Amino acid sequence: MKTDIEIAQEHKLIPIDELAHSAGLTDAEFEPYGRDKAKVQLDPSRKEKGKLILVTATSGMPAGSGKTTTSIALAQGLKRIGRSAALALREPSLGPVFGMKGGAAGGGYSQVLPMEAINLHFTGDLHAITAANNLLAALLDNARHQGQVVLKEIFWRRVMDVNERMLRNIITGLGGPANGIPTEAGFDITAASELMAVLCLANDMEDLRARIDRIVLGLRPDGTPFTCAELGATGALLALLLEAFKPNLVQSIEGNIAFVHGGPFANIAHGCNSVAATRAALKLADYAVTEAGFGSDLGAEKFFNIKCRAAGFKPAAVVLVTSTRALKWHGGVPLPEIGAPNLEAVERGLVNLDAHIANLRHFGPNIVVSLNHFHTDTDEEVEAIRMRCAALGVRFAVCDGFARGGEGAMELAREVVEAADDPHPLVNTYAEDAPVVDKIEAIVTQVYGGAGVKLSAAAMKDLKRLSDLGYDRLPVCIAKTPFSLTADPKALGAPKGFVLPVERLILNAGSGFVVAMAGSIMRMPGLPKRPAAMGIDVVNGRITGLA
């Protein structure tokens with residue numbers, strides 16, 4: 001069986017100029033980055049014409065859910081049934097690429113291309129965000145060193161786009177006064193930078209400027225916030241982010257246009273690609289297919305409550321991806337055994353599917369459950385899932401996009417078209433002006449199925465600070481494990497009646513939300529015992545081992 005990279009490298013790409021023109025772009029609206037990718041800046045007079053389709057999933061497992069593969073397959077399936085479809089996806093982070101999960105450009109015959117470039121340096125967007133983040137840290141430290149500002153607490157951390165546990169907590173400024181002020185500091189991964197979320201949520205360059213201005217870097221001795229605008233760094237950051245703000249245009253294996261742009265993680269940030277890329281897809285196709293990271297409790301909740309609110313998007317339908325393997329995992333089967341037939345485990349795991357369907361019903365848009373098909377699936381296992389969906393009154397389709405590309409997603413495409421033809425208004429989980437704790441509680445009780453929230457002593461102090469600073473009514477971005485509806489990654493299935501522990505409340509004033517850290521969540525991952533990087537090489541000028 002061919003690997004993803006072998007399939008990708010065998011495919012002949014449409015030249016980027018030809019692809020852009022076929023999508024209706026004028027020469028002034030795109031700038032080629034080589035032969036196979038481009039930066040796009042659409043004429044602002046273009047109107048949105050497409051229907052927005054969100055792809056999400058049941059609760060995660062270590063082997064992944066297949067959302068990106070399904071998203072790409074769906075777009076290709078829509079094309080095969082005569083509908084124009086554009087993709088709006090996140091950019092991969094080098095952390096997972098070289099760590100445990102591998103790349104994020106789809107799989108099999110449902111990939112976005114050029115796969116190697118997208119998974120590695122691409123057009124340099126993540127490098128630009130890394131540079132801008134660290135320039136801001138350097139300017140802040142220099143202002144302190146020069147005596148231009150005195151801060152009692154610093155919030156801004158440095159970032160890098162690889163997994164590096166050794167840098168989570170460090171001390172900077174050692175070696176005497178000439179080397180700065182000794183400070184407890186640390187690194188997060190680039191996907192966790194507030195600048196990543198800011199870039200992805202900004203509607204235009206002026207909105208990007210305003211959001212960067214609002215970033216709170218630390219607190220003065222009197223407790224008042226010190227912002228990026230006060231430091232005077234916004235212009236320099238905008239210069240570094242000017243090109244990175246433009247969506248990247250690439251293609252699927254079957255020639256669909258794809259905007260791959262922005263990459264915040266959904267377990268530590270809001271988990272959605274950029275507003276600019278989603279809007280571009282809506283302007284150029286009948287259907288804009290986008291995804292939100294991890295399960296519906298993480299990415300989809302944030303897509304609806306944060307991204308759609310910020311951008312005014314109105315999704316027409318939502319696809320809920322699951323698999324027999326995911327359901328077996330949540331039915332108690334160990335990871336090495338999830339590929340073996342086990343109808344009883346699938347039936348036990350259906351409670352997780354039930355919970356996510358209930359979650360998504362809360363938001364309004366019609367649901368299509370998509371079974372990410374594996375060759376080991378039995379007819380009895382597939383039928384059990386189909387019957388459960390029928391009993392719950394939701395559409396169901398088997399998607400074989402990995403093995404068959406768009407042809408394997410035509411059933412899913414038809415179900416999505418029917419679902420999107422009957423749009424329902426979006427219902428948010430909480431009122432926009434509700435207090436932060438009320439918003440967290442609403443998410444826990446209405447989306448996770450829990451009973452309530454418990455704030456740690458540190459989180460209570462954070463809440464008081466938010467209130468004192470006037471930020472206690474922002475939207476909420478809950479950071480928690482993707483493997484469970486709870487904060488405990490071992491609590492599989494569909495737990496009920498649990499209390500969500502909130503350890504810290506972190507202000508992201510530029511992004512426009514408060515991050516609630518639930519349980520033990522790391523903003524800088526570590527590498528596994530055998531990182532994926534150990535299997536990547538270059539042979540005869542071609543990259544190998546990238547998955």
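In what follows, residues are counted from 1 in the order of the sequence shown. From a predicted model like this one, the values you see are computed outputs, not experimental measurements.
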Leu298 side, atom CG; Phe265 side, atom CZ - distance, nearest 0.5 Å:
13.0 Å
Donor-acceptor pair, side chain of Asp161 and main chain of Leu94, under 3.5 angstrom:
yes
Check whether Asp377 reaches the backbone of Phe374 with its side chain - one donor and one acceptor, N or O, closer than 3.5 Å.
yes
As an exercise, state the distance from CG of Leu74 to CG of Leu87, rounded to the nearest 0.5 Å.
8.0 Å
Take Val319 and Leu54, measure what side-chain contact (heavy atoms from CB on, under 4.5 Å) needs, and give me the verdict at the end.
CA-CA 6 Å; Val319 175; Leu54 173 68; over 6 Å; no
Looking only at side chains, do Lys79 and Ser252 share a donor and an acceptor under 3.5 Å apart?
no
Go through the steps for Tyr430 and Ile440 under the test side-chain contact (heavy atoms from CB on, under 4.5 Å), then give the verdict.
CA-CA 9 Å; Tyr430 47 74; Ile440 300 172; over 6 Å; no
Regarding Gln446 and Glu441, is there a side-chain donor-to-acceptor distance under 3.5 Å anywhere?
no
Enumerate the salt bridge (Lys or Arg N to Asp or Glu O under 4.0 Å) contacts for residues 256-271, please, sequence neighbours excluded, ordered by first and then second residue.
none
Applying salt bridge (Lys or Arg N to Asp or Glu O under 4.0 Å), name anything that partners Asp421, two or more places apart in sequence or on another chain.
Lys51
Measuring only between side-chain heavy atoms, which start at C-beta, is Thr58 closer than 4.5 Å to Val321?
no
Run the ring-ring contact (aromatic ring centres under 6.0 Å, His included) test on Phe303 and His270 for me, step by step, so that the C-alpha distance in whole Å, both residues' side-chain angles and the decisive distance to 0.1 Å come before the verdict.
CA-CA 7 Å; Phe303 174 84; His270 71 286; 9.8 Å; no
Taking C-beta and beyond as the side chain, do Asn248 and Glu91 meet within less than 4.5 Å on heavy atoms?
yes
Would a distance-only check, ignoring hydrogens and angles, find a side-chain to backbone donor-acceptor pair under 3.5 Å from Ser110 to Gly401?
yes
Exam field: side chain Glu116 to backbone Thr544, donor-acceptor pair closer than 3.5 Å
no
Would you check if Asn273 and Phe259 make a side-chain contact, meaning some heavy-atom pair closer than 4.5 Å?
no
Please tell me if the side chains of Phe396 and Ile385 come closer than 4.5 Å, counting only heavy atoms from C-beta onward.
yes
side-chain contact (heavy atoms from CB on, under 4.5 Å) with Ile53: of Leu78, Thr290, Val318, Val416, only one passes, and it is Val416
Tell me, do Arg348 and His330 make a side-chain contact under 4.5 Å, heavy atoms counted?
no
Heavy-atom neighbours of His21 NE2 exceed 12 at 6.0 Å
yes
Go through Asp125 and Lys39 one step at a time and tell me if the salt bridge (charged side-chain N to carboxylate O under 4.0 Å, His left out) criterion holds.
CA-CA 11 Å; Asp125 292 348; Lys39 282 287 186 180; 2.6 Å; yes
Nearest-0.5 Å distance that lies between atom CG in Leu249 and atom OH in Tyr33:
13.0 Å
Side-chain donor/acceptor of Thr278 to backbone N/O of Ser274, under 3.5 Å
yes
Looking at every non-hydrogen atom in both residues, tell me the closest pair between Thr70 and Ser370 and how far apart they are.
CG2-OG, 3.7 Å
Could you check if a side-chain atom of Phe363 sits within less than 4.5 angstrom of a side-chain atom of Glu301, using non-hydrogen atoms only?
yes
Within residues 248-260 or reaching into it, pairs that qualify as salt bridge (Lys or Arg N to Asp or Glu O under 4.0 Å) - sequence neighbours excluded:
Arg80-Glu254
Stepwise side-chain contact (heavy atoms from CB on, under 4.5 Å) test for Gln41 and Glu29:
CA-CA 5 Å; Gln41 194 165 24; Glu29 290 181 308; over 6 Å; no
Closer than 3.5 angstrom, by distance alone: can the side chain of Lys302 be matched with the main-chain N or O of Ala269 as a donor-acceptor pair?
yes
Provide the full list of salt bridge (Lys or Arg N to Asp or Glu O under 4.0 Å) pairs with a residue in residues 317-345, sequence neighbours left out, each pair given once.
Lys328-Glu381
Judged by atom type as modelled, is there a donor-acceptor pair below 3.5 Å linking the side chain of Glu48 to the main-chain atoms of Arg279?
no
Step-by-step side-chain contact (heavy atoms from CB on, under 4.5 Å) determination, Val502 to Met517:
CA-CA 6 Å; Val502 173; Met517 303 292 288; 5.9 Å; no
Donor-acceptor contact below 3.5 Å, side chain Asn372 vs main chain Lys67:
no
Under 3.5 Å, side chain of Asn256 to main-chain N/O of Ala85, donor-acceptor pair present?
yes
Min side-chain heavy-atom separation Asn352-Trp329 under 4.5 Å:
no
Between Arg523 and Ala192, is there a donor-acceptor pair closer than 3.5 Å when you use the side chain of the first and the backbone of the second?
yes
Would you give the length of the straight line joining atom CG of Asn305 to atom CD of Glu432, rounded to the nearest 0.5 angstrom?
10.5 Å
Quiz: residues 478-501 side-chain donor-acceptor pairs under 3.5 angstrom, not counting sequence neighbours:
unit_1 : atom_1 : unit_2 : atom_2 : d
Lys480 : NZ     : Asp297 : OD2    : 2.7
Lys480 : NZ     : Ser484 : O      : 2.5
Thr481 : OG1    : Phe483 : N      : 3.1
Ser484 : OG     : Thr486 : N      : 3.0
Ser484 : OG     : Thr486 : OG1    : 2.9
Ser484 : OG     : Asp488 : O      : 3.3
Ser484 : OG     : Ala491 : O      : 2.5
Thr486 : OG1    : Asp488 : N      : 2.9
Thr486 : OG1    : Asp488 : O      : 3.2
Asp488 : OD1    : Lys490 : N      : 3.0

Qualifying salt bridge (Lys or Arg N to Asp or Glu O under 4.0 Å) pairs with a residue from residues 281-293, counting only residues at least two apart or across chains
none
Stepwise salt bridge (charged side-chain N to carboxylate O under 4.0 Å, His left out) check, Lys2 with Glu10
CA-CA 10 Å; Lys2 294 177 182 177; Glu10 287 177 357; 2.8 Å; yes
Quick check: do Arg386 and Leu371 have side-chain heavy atoms less than 4.5 Å from each other?
no
